[in-house]
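Here the structure is laid out as structure tokens; the discussion comes afterwards.
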Amino acid sequence: MRLSFLHNKVIRIRGDQSASLGVMRERLFMLGGVFILCFLVISVRVIDLSLTHGLSVTESEIFSSHEGSDTQKGAEIRRGYIYDRNGELLATSVKVPALFADPSLILEPEIVAAQLAEIFPDIKIDEIADAMRGTNKYTLLVRPVTPEQQARVLELGQLGLGFEYQYNRVYPNGSLVSHIVGYAGKDNTGLSGIELGQDEILAKGENVYLSLDLRLQHILRRELTKAMDEFRAVGAIGAILDIKTGEVLAGVSLPDFDPNYLARYEAEGEAHKKFNQLNLGVYELGSIFKVFSIAAFLDLKSGALGQRFNVRKPIKIGRFRINDYHPKKADLSIPEIFVHSSNIGTALMAEELGAEKLKGFYSDLGLLTRMKTEVAGSGLPQFPEKWPRSTLLTVSYGHGLSTTPLQVLSAFATVVNDGIVVKPSFLKKSKDKSDQEEVQVLSEVTSAKMRKLLRLNAIHGTGESADVSGFYVGGKTGTANKYGRDARVSSFAGVFPAHDPRYAIIIVVDEPKGHKGTYGYATAGWVAAPTFARVVKSMAVVLGLQPDGSKEAEEFAQDLVRYIPVEDQKVKKKERAQFVSY
Amino acid sequence: MDKSFAPVPLSRTDRSVLGRWWWTVDRMMLFLVLILALFGVAMVATASPSVAQRIGLEDYHFLFRHLAFLVVSVVLILALSFVEPRMILRIFTILFILSVLAIIAVLFVGQEIKGATRWVHFLGVSVQPSEFLKPSFSVIAAWLVAKQQESMSGGGSDDEGKIGFHGFNITVLIYICLIALLLMQPDLGMSVVLTCIFAVQIFLAGLRFRYLAVLGGVGVGGLGLAYLFLDHVRGRIDCFIDPSSRDCEQVERSLDSFRNGGLFGTGPGQGEEKLLLPDAHADFIFSVLAEEMGAISTILVIGLFALILLRGIRRLMDNGDIFSVLAVGGLLTMFGVQAIVHMGSSVSLLPAKGMTLPFISYGGSSLLSTSMAFGIILALTRSKNRPSIAKYGLRMKRSVKHLQEEMVQAE
């Protein structure tokens with residue numbers, strides 16, 4: 001107000017040029033003030049931008065930019081390593097360069113994309129060009145980058161391309177432990193196997209020690225590969241279980257994959273290699289189930305081994321008949337039924353037992369529910385909801401019931417382990433941690449009888465070629481037809497030493513084809529049992545196991561030999577191989 | 001000044017043309033302007049090669065042209081500073097008429113560059129006639145308004161006072177016509193500068209504040225209309241209000257250059273944002289300056305601009321000629337407004353407006369027009385130009401403070 005007052009006063013005495021000049025001077029003064037004010041504001045803003053990056057005004061812009069990802073990078077935790085039980089490295093995290101672009105500094109995305117495509121054959125030019133066309137300051141283009149590729153990118157001299165170092169998962173043993181260890185994605189989160197099952201622990205940066213023994217893993221994989229090649233099989237599965245601790249010492253599923261080069265398995269016809277058949281695949285494993293149903297009969301019916309069953313005629317259920325592969329013209333004792341793998345004999349025992357009891361026994365062995373382990377994912381057993389007579393009788397010798405190989409190995413180990421449940425674990429157990437709750441599902445007496453039957457089978461039965469001198473193997477073969485096809489699954493579940501069980505092993509060979517050396521046979525006795533024997537031989541060397549010559553070991557199961565007719569004991573190997581049931 | 005520049009012939013008693021010039025011209029102002037121009041050469045040298053490469057010219061194309069224009073400009077400043085005020089008026093009346101004709105011609109034969117028709121080819125050089133309008137309008141308007149002030153007889157209020165010459169009304173008319181012409185190109189930036197020149201001149205001439213308020217309202221209204229009807233103006237203002245609403249790359253990159261630069265800068269030639277800023281050598285040279293030289297140097301440059309303005313205003317305080325005060329006031333405003341708009345846009349305090357930074361940016365027409373302005377400023381502020389020191393000498397030297405005391409007493 002004062003100014004306008006002043007102004008009026010001056011105008012009133014206008015005419016005098018000096019007064020007019022006076023107004024001018026006053027206003028010039030104000031004009032100068034306005035200019036100074038403007039320049040001061042701009043100066044403050046310049047300081048604001050250069051010192052505080054103009055946070056007050058463009059907060060969101062800053063946080064979305066490159067520096068935001070810098071802080072994230074600093075917080076990145078190195079994912080925990082995975083070791084085998086002896087400290088061998090199975091999975092590790094290595095810092096590798098990743099190529100990123102600052103699109104705001106890329107002038108010609110198409111040209112840069114074309115240059116990059118020469119260095120990285122896998123990338124798509126269009127996608128890379130699009131990624132570099134944005135206005136943001138950070139776009140991840142390729143990871144990981146090899147040192148040679150990095151050098152070539154640097155030679156391009158493109159201002160907008162840069163490298164940052166990120167952890168990348170590396171699996172030093174490649175495909176050897178692929179399915180158990182599994183793999184992690186590019187964002188370092190677990191996607192399968194232990195990497196997924198133990199993701200929480202690994203993500204915290206803690207290391208994981210597996211129960212696996214890399215040496216045994218190698219032996220098992222080597223022998224399974226041999227069997228696959230020899231019999232032109234489509235797949236092979238195996239696992240070695242420490243009965244005393246429940247630790248899985250080796251687990252193999254063939255074909256397998258190299259987790260370091262996952263992209264290779266995206267192609268059609270390759271994806272199945274990533275499937276873990278040991279934990280996830282469900283199969284009808286056939287006659288191995290006779291171990292479980294005979295154990296059930298002995299345990300629940302307190303049956304004597306010497307009682308005989310009439311196996312002369314096939315069992316008729318409607319249109320369906322249960323046959324033996326080699327019909328016997330006599331009543332057979334339980335050891336004979338087991339050694340000859342008689343379907344009829346086993347079915348008769350199951351019939352005497354009844355569906356409820358057999359189902360209950362299978363359930364106690366964990367064969368009817370999903371078996372959870374530390375490895376992510378497990379197959380759900382497949383079987384009919386209701387067990388009428390037809391189902392009861394076929395299920396007793398392993399038909400009409402699909403389970404995972406690991407599940408069967410676990411049940412098998414339970415049967416020979418004095419009936420105390422063996423729960424497979426893929427993590428190394430500390431020695432003092434034996435306070436685990438023990439669940440006994442069958443009697444020690446039954447278990448002892450079963451061990452003798454298994455040992456007898458390896459001396460005078462279908463499992464003969466699985467025996468290793470000095471290690472007293474006991475085991476059962478199984479050969480199952482694949483539904484509707486002329487293809488079979490050969491399997492062998494074994495334990496050694498039979499008198500004091502320590503290791504249980506399962507070998508499954510998927511769709512083997514016979515050859516001259518096996519007289520055209522591809523039954524379990526020719527395929528899975530010899531593989532088992534080779535695994536045991538190599539294992540013994542690696543683990544330093546001494547052959548046992550003790551009287552106790554030598555005489556184990558000898559009391560059952562008397563059940564086997566003398567002429568059968570002298571049957572030649574070629575003929576014995578035919579004792580394989582279906 | 002350097003002693004070597006003032007040899008014996010330029011003693012205080014030297015009555016030659018050069019001698020009188022040396023003792024009366026505002027040497028300080030000349031010195032500051034030359035420093036600024038040298039700084040400009042450095043900035044064009046670092047900012048323009050990337051632009052030249054981008055449009056397929058030789059690296060130093062812009063630098064060499066800038067240097068050539070600068071030589072012409074310095075000669076122009078010095079030459080004009082010798083010219084008598086009356087001659088200044090004549091020269092710029094002619095230039096004004098030529099500029100207006102050229103602007104009208106541009107509308108028909110001009111080159112369209114980046115969506116606006118502003119340029120015309122003249123003797124092998126593309127010239128932007130509206131650049132020369134600014135200094136010449138400033139001179140014409142100052143003369144017309146001053147003529148009215150001087151023609152008024154003493155006594156009586158402005159309501160009933162006799163007005164011998166309707167200079168003010170004529171100026172308003174000219175102003176409206178010019179704005180209409182400029183908006184047809186369209187050239188909003190030039191209109192804003194012209195408006196500011198005129199506003200400051202009538203402000204200095206003593207127009208009541210209520211008229212200034214009306215003028216301000218018209219200005220804001222005009223900008224509002226520009227926002228509604230000119231697409232590129234709307235885009236830039238939207239960017240200014242909410243950077244996320246549109247693609248505001250220029251603004252973001254300009255801001256990034258300040259962030260990259262920090263206090264001490266990346267070093268001359270080391271800036272990265274200039275590779276991506278459009279017209280880094282002209283409309284965004286302030287950002288290049290900030291990135292490469294850092295905030296401290298940037299503020300020194302801002303200080304240099306402020307110093308030139310204050311020096312000019314200080315010199316006017318001692319000037320008793322209304323025409324000179326109005327003309328120089330308008331020219332200083334032209335200089336100051338361009339600087340403030342340019343700097344304000346690049347730090348996002350104002351909507352992005354392509355305006356050159358006087359003496360720093362590349363641009364032939366712009367450099368010549370600014371040089372003309374400073375030639376006129378030097379010519380009109382020569383100390384010998386004081387009318388009748390014997391008569392007004394004492395009173396002229398009174399400060400505003402004295403005047404205020406006198407007013408308070410009168411009350």
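- Side-chain contact between A:Asp48 and B:Phe258 is absent, with no heavy-atom pair separated by less than 4.5 Å.
- Here the closest heavy-atom approach between residue B:Ile340 and residue A:Cys38 is recorded as CD1-CB, 3.4 Å.
- Summarising the geometry, atom CZ belonging to A:Arg45 is positioned 12.0 Å from atom CD1 belonging to B:Ile302; distances are rounded to the nearest 0.5 Å.
- With contacts defined as side-chain heavy-atom distances shorter than 4.5 Å, the pair A:Phe29/B:Ile313 does not qualify.
- To the nearest 0.5 angstrom, B:Asp321 atom CG is 8.5 Å from A:Met24 atom CE.
- One finds the CG atom of B:Asn260 at 11.5 Å from the OG atom of A:Ser50 (value rounded to the nearest 0.5 Å).
- Most heavy-atom pairs under 4.5 Å with chain A: of the set B:Gly294, B:Ala295, B:Gly312, this distinction falls to B:Ala295.
- Residue A:Leu107 touches chain B through its side chain alone, counting heavy-atom pairs closer than 4.5 Å.
- Proximity to chain A involves both the backbone and the side chain of B:Val347, based on heavy atoms less than 4.5 angstrom apart.
- Distance CG/A:Leu49 to CG/B:Leu349: 8.0 Å, rounded to 0.5 Å.
- The structure places OG of B:Ser345 at 9.0 Å from CD1 of A:Ile42, a figure rounded to the nearest 0.5 Å.
- No side-chain heavy atom of B:Arg315 sits less than 4.5 Å from a side-chain heavy atom of A:Leu28.
- The most heavy-atom pairs under 4.5 Å with chain A, out of B:Leu309, B:Val325, B:Leu332, B:Val337, come from B:Leu309.
- The shortest side-chain heavy-atom distance between A:Val46 and B:Met343 does not fall under the 4.5 Å cut-off.
- No part of B:Ala290 comes within reach of chain A, as not one of its non-hydrogen atoms sits under 4.5 angstrom from that chain.
- Heavy atoms of B:Leu310 lying under 4.5 Å from chain A belong exclusively to its side chain.
- Contact of B:Thr333 with chain A is made through backbone and side chain together, with heavy-atom distances under 4.5 Å.
- Both the backbone and the side chain of A:Val41 come within contact range of chain B, judged by heavy atoms closer than 4.5 Å.
- A:Ile36 touches chain B through its side chain: at least one heavy atom from C-beta onward sits under 4.5 Å away, while N, CA, C and O do not.
- Taking every heavy atom of both residues into account, B:Ile299 and A:Ser43 meet most closely at CD1-O, 3.9 Å.
- Heavy atoms closer than 4.5 Å to chain A are found in the side chain of B:Leu326, but not in its backbone.
- Neither the backbone nor the side chain of A:Leu40 has a heavy atom closer than 4.5 Å to any heavy atom of chain B.
- In this structure, A:Glu26 CD and B:Met317 CE are separated by 9.5 Å, a value rounded to the nearest 0.5 Å.
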